[in-house]
Amino acid sequence: MSSSVLRRANLAFPPLAIALSVSAAFSPLSFAQNPADQSLAPVLVTAARTAQKASDVLSDNLVITSEEIQQSGQSSLIDLLQRKRGIEITRNGGPGNSSTLYMRGSSGKQVILLIDGVRSASATSGEPSWSSIPLSQIDRIEVVYGPLSSLYGADAVGGVIQVFTKEGAGAPHITASAGAGTYGTKEYTLGVAGSTDGDHKIRYSFNSSREEATGFNATNPQVGSGYAPDKDGYTKTSNSGQVSWQLAKGQEIGATFLETSSNSQFDSGARTYDARNFADVGIYAVYSRNQITSNWGSVFQVSKSYDKLKSYTSRPLSTINSESTQVSWQNDIKIGTDLLQVITEHKKEEAVTNQPLNRERTTNSLALAYQLQRGAHMGSVSTRYDDNSTYGSNVTGSVGYGYRLSKDLRISGSVGTSFRAPTFNELYYTGYGNPDIQPEKGKNAEVGIYYDDGKSDVSVAFYRNRLTNMIVNKDPCPTGATGGCAYNVSEAMLTGLSMGAGTRFGDFRLYGSLDLQNPKDETKNTLLERRARYHGTVGVDYVDQKFTAGADVSFSGSRFSDSDSKYPLGGYALLNLNATYNLADDWQLFARWNNVLDKDYVLARGYNTAGSNGLVGVRYGFK
């Protein structure tokens with residue numbers, strides 16, 4: 001990278017110049033998913049719905065390992081993801097309040113969250129409850145960028161994030177932790193895991209956690225009539241578990257679950273009523289994984305997820321309950337070195353509220369995918385048909401190609417289509433819903449180059465995602481309804497360059513990421529709300545047998561809080577620190593210090609963010 005480019009970047013965007021300088025220092029280029037041990041190549045299952053070495057995955061991706069989760073010291077999934085490339089977040093106050101995640105400029109409704117293969121989202125809002133997912137229950141995270149509707153159906157426009165809860169292995173062992181920090185924060189976890197020996201192995205893992213905080217004031221006067229000068233705290237309890245039984249070689253049955261309940265205060269005006277939300281989120285699944293023949297594997301799964309919210313702002317309280325039941329059967333058939341996949345699914349979504357919004361819909365789906373390898377050449381093609389009882393049928397597809405220039409360097413490219421289903425609110429909510437709206441559509445093309453030699457790694461991906469039929473609030477409503485309504489009218493273009501790099505120097509690891517993007521509302525010729533033209537992270541980790549420490553700076557350019565670009569949100573850069581010290585084989589001290597310089601920054605207009613804050617604690621049994 002030329003010095004003239006760095007000089008121009010430094011004059012325009014100082015944080016951006018830092019990231020460019022870090023990237024330029026790494027001769028080979030790709031983001032390191034694991035700041036701990038890179039000797040074992042990461043394996044992904046999300047990109048193709050089957051296990052693949054990361055080096056064989058055609059889609060842009062990253063993996064967050066259990067070691068990285070522990071080292072970060074973070075309590076919140078959304079805070080951890082905020083520091084990853086391609087991802088931006090907003091939050092309406094503190095950790096217990098609602099959050100939204102944007103991936104590559106796509107909206108929160110255009111990203112899928114999977115928990116152990118089960119989709120988690122509200123049928124009414126269309127978004128996952130990110131603030132409800134407990135990071136302490138998560139063993140690893142896979143992030144796959146770009147459209148994946150041809151494998152997962154509706155809403156996989158910007159990408160898919162899958163979290164995996166903890167598995168059991170080896171002799172029975174207990175894990176526990178306790179921590180305390182600023183804003184009255186207290187955290188506790190307890191778990192037990194293990195497996196039996198022999199041909200009929202049983203694996204098990206059960207974990208519980210509790211978080212609580214007195215918090216800080218979620219709002220400021222800019223929010224308007226909802227402002228109240230008080231602290232807004234929360235409590236959250238979570239449980240998760242996995243059990244599997246190997247009936248015979250290649251024959252396994254199992255069950256997984258995760259459930260979390262939170263009680264979060266929020267501001268709803270200067271009144272004596274203590275406004276708060278009671279949120280319950282959960283997933284349950286049972287499965288049978290069978291190797292039917294030497295080249296035919298099958299996974300049959302029945303799952304249920306729910307997202308329930310009770311909001312107390314006055315009486316009567318508001319209740320919004322959504323549930324989804326899904327049956328899926330995936331068949332993986334090996335044809336030489338190739339793989340043919342046949343996937344059938346049935347999903348039923350229900351919404352029950354104390355408003356006239358009690359509805360349900362069903363979707364029947366068939367997906368076909370084919371992966372091939374011919375020497376240095378890699379390819380994939382997939383298509384999916386989704387037939388929904390409310391908004392009709394949609395067909396999506398994807399074609400990808402990759403070529404290995406060397407053992408460590410590869411290039412890839414893909415084109416794909418996607419769609420986002422209208423939410424129950426957009427279809428039926430009184431005074432806003434429009435039952436005639438249709439799904440949003442996406443057409444994406446991208447190319448990438450990836451390098452990983454086990455010590456240094458780099459990724460550079462360019463994407464162009466055109467979105468049409470965008471659902472917005474149209475006022476006056478073209479259907480003649482009073483006031484505004486949901487309507488298909490807008491178009492958007494998401495273009496960007498997503499870069500990441502990492503390298504090791506002895507016990508130190510340097511890493512950085514930078515996203516240059518233009519998430520544009522083409523109908524209004526404005527920047528999409530709450531999304532910046534650039535954002536990224538630079539950091540350094542130190543790891544030895546007794547002590548680990550890390551420092552990172554996450555930064556973002558300016559954004560707008562509204563779709564008309566009237567209310568700007570300033571850019572920011574946050575310094576964060578973490579450390580872990582091994583007291584003995586099974587005991588660790590850990591600490592984190594976020595926003596070290598006490599930066600006053602804004603993620604959503606009218607809502608406060610945490611100042612300088614920290615947490616210290618002790619762990620037992622974590623490896």
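As the structure is a computational prediction, the values presented were derived from the model and not from experiment. Count residues from 1 along the sequence.
Look at D552 and R83 and you find a salt bridge, because one of the NZ, NE, NH1 or NH2 atoms lies within 4.0 Å of a carboxylate O, short of that distance. Taking 4.0 Å as the cut-off between side-chain N and carboxylate O, D453 and K407 do not count as a salt-bridged pair. A salt bridge between D60 and R85 is present, with a side-chain N of the basic residue lying under 4.0 Å from a carboxylate O of the acidic one. Salt bridge present: E212 and R210 bring a charged side-chain N and a carboxylate O closer than 4.0 Å. Using a cut-off of 4.0 Å between Lys/Arg side-chain N and Asp/Glu carboxylate O, K334 and D332 are scored as not salt-bridged. Salt bridge absent: E142 and R49 never bring a charged side-chain N and a carboxylate O closer than 4.0 Å. Ion pairing between a basic and an acidic side chain is recognised when a charged N comes within 4.0 Å of a carboxylate O; D155 and R119 show such pairing.
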With side chain to side chain donor-acceptor pair (under 3.5 Å) as the test, would you mind laying out the steps for T237 and N239 before giving the verdict? CA-CA 7 Å; T237 58; N239 300 285; 5.6 Å; no
Working note: Q242 + K166, criterion side-chain contact (heavy atoms from CB on, under 4.5 Å); need CA distance, chi angles, decisive distance, verdict. CA-CA 8 Å; Q242 291 194 21; K166 298 178 179 180; over 6 Å; no
Yes or no on side-chain contact (heavy atoms from CB on, under 4.5 Å) for R404 and L409, after CA distance, side-chain angles and deciding distance? CA-CA 6 Å; R404 296 186 188 279; L409 180 64; over 6 Å; no
Determine, step by step, whether S412 and Y450 satisfy the side-chain contact (heavy atoms from CB on, under 4.5 Å) criterion, reporting the C-alpha distance in whole Å, the side-chain angles of both residues, the deciding distance to 0.1 Å, and the verdict. CA-CA 8 Å; S412 64; Y450 307 93; 3.4 Å; yes
Go through the steps to decide whether E167 and R203 satisfy the test side-chain contact (heavy atoms from CB on, under 4.5 Å), and finish with yes or no. CA-CA 7 Å; E167 294 183 328; R203 298 178 182 269; 5.9 Å; no
For N578 and Q74, what are the C-alpha separation, side-chain angles and deciding distance, and is it a side chain to side chain donor-acceptor pair (under 3.5 Å)? CA-CA 9 Å; N578 64 75; Q74 299 300 318; over 6 Å; no
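In terms of heavy atoms, A421 sits closest to A154 at CB-CB, 3.9 Å. Shortest non-hydrogen contact noted between P128 and G108 is CD-O, 4.1 Å.
Counting only N and O atoms by type, the side chains of S150 and S398 include no donor and acceptor under 3.5 Å apart. No hydrogens or angles considered: a donor-acceptor pair under 3.5 Å links the side chains of E127 and T100. Residues S209 and T189 bring no donor and acceptor atom of their side chains to less than 3.5 Å of each other. With 3.5 Å as the limit, one finds no donor-acceptor pair spanning the side chains of E211 and Y188. For the residue pair E345/S365, the side-chain donor-acceptor check at 3.5 Å is not satisfied. Residues E67 and T65 have side chains that bring a donor and an acceptor to within less than 3.5 angstrom of each other. For the residue pair S288/N290, the side-chain donor-acceptor check at 3.5 Å is satisfied. A side-chain donor-acceptor contact under 3.5 Å links Q371 and Q52. In this structure, a donor-acceptor pair under 3.5 Å is absent between the side chains of N207 and Q137. Counted by atom type alone, D116 and T165 present one or more donor-acceptor pairs between their side chains at under 3.5 Å. Between the side chains of N263 and Y234, not a single donor N or O lies within less than 3.5 Å of an accepting N or O.
At distances below 3.5 Å, at least one donor-acceptor pair connects side-chain atoms of N582 with backbone N or O atoms of Q545. Judged purely by atom type and a 3.5 angstrom limit, S76 uses its side chain to pair as donor or acceptor with the backbone of I78. At least one donor-acceptor pair closer than 3.5 Å links the side chain of N61 to the backbone N or O of S59. At distances below 3.5 Å, at least one donor-acceptor pair connects side-chain atoms of S322 with backbone N or O atoms of A123. In this structure a side-chain-to-backbone donor-acceptor pair under 3.5 Å is missing from S324 to S305.
Evaluation of the salt bridge (charged side-chain N to carboxylate O under 4.0 Å, His left out) rule for K310 yields no partner, not counting sequence neighbours.
The side-chain heavy atoms of I161 and L81, taken from C-beta on, include a pair separated by under 4.5 Å. Inter-residue side-chain proximity for E349 and K347 is flagged as met; some heavy-atom pair is nearer than 4.5 Å. Taking the side chain as every heavy atom from C-beta outward, S106 and V111 approach each other to under 4.5 Å. R619 places none of its side-chain heavy atoms less than 4.5 Å from the side chain of T175.
Under the ring pair (Phe, Tyr, Trp, His ring centres under 6.0 Å) criterion, no residue pair touches residues 124-181, with sequence neighbours excluded.
Within a 6.0 Å radius of CZ in F278, other residues, nucleotides and ligands contribute more than 12 heavy atoms. Atom NZ of K546 has more than 12 neighbouring heavy atoms from other residues, nucleotides or ligands inside a 6.0 Å radius. Few gaps surround CD1 on I292; more than 12 heavy atoms of other groups in view lie less than 6.0 Å from it. Within 6.0 Å of the CG atom in D585, the count of heavy atoms belonging to other residues, nucleotides or ligands does not exceed 12.
Ring geometry for Y542 against F508 counts as tilted: the plane angle lies between 30° and 60°, on a 0 to 90° scale.
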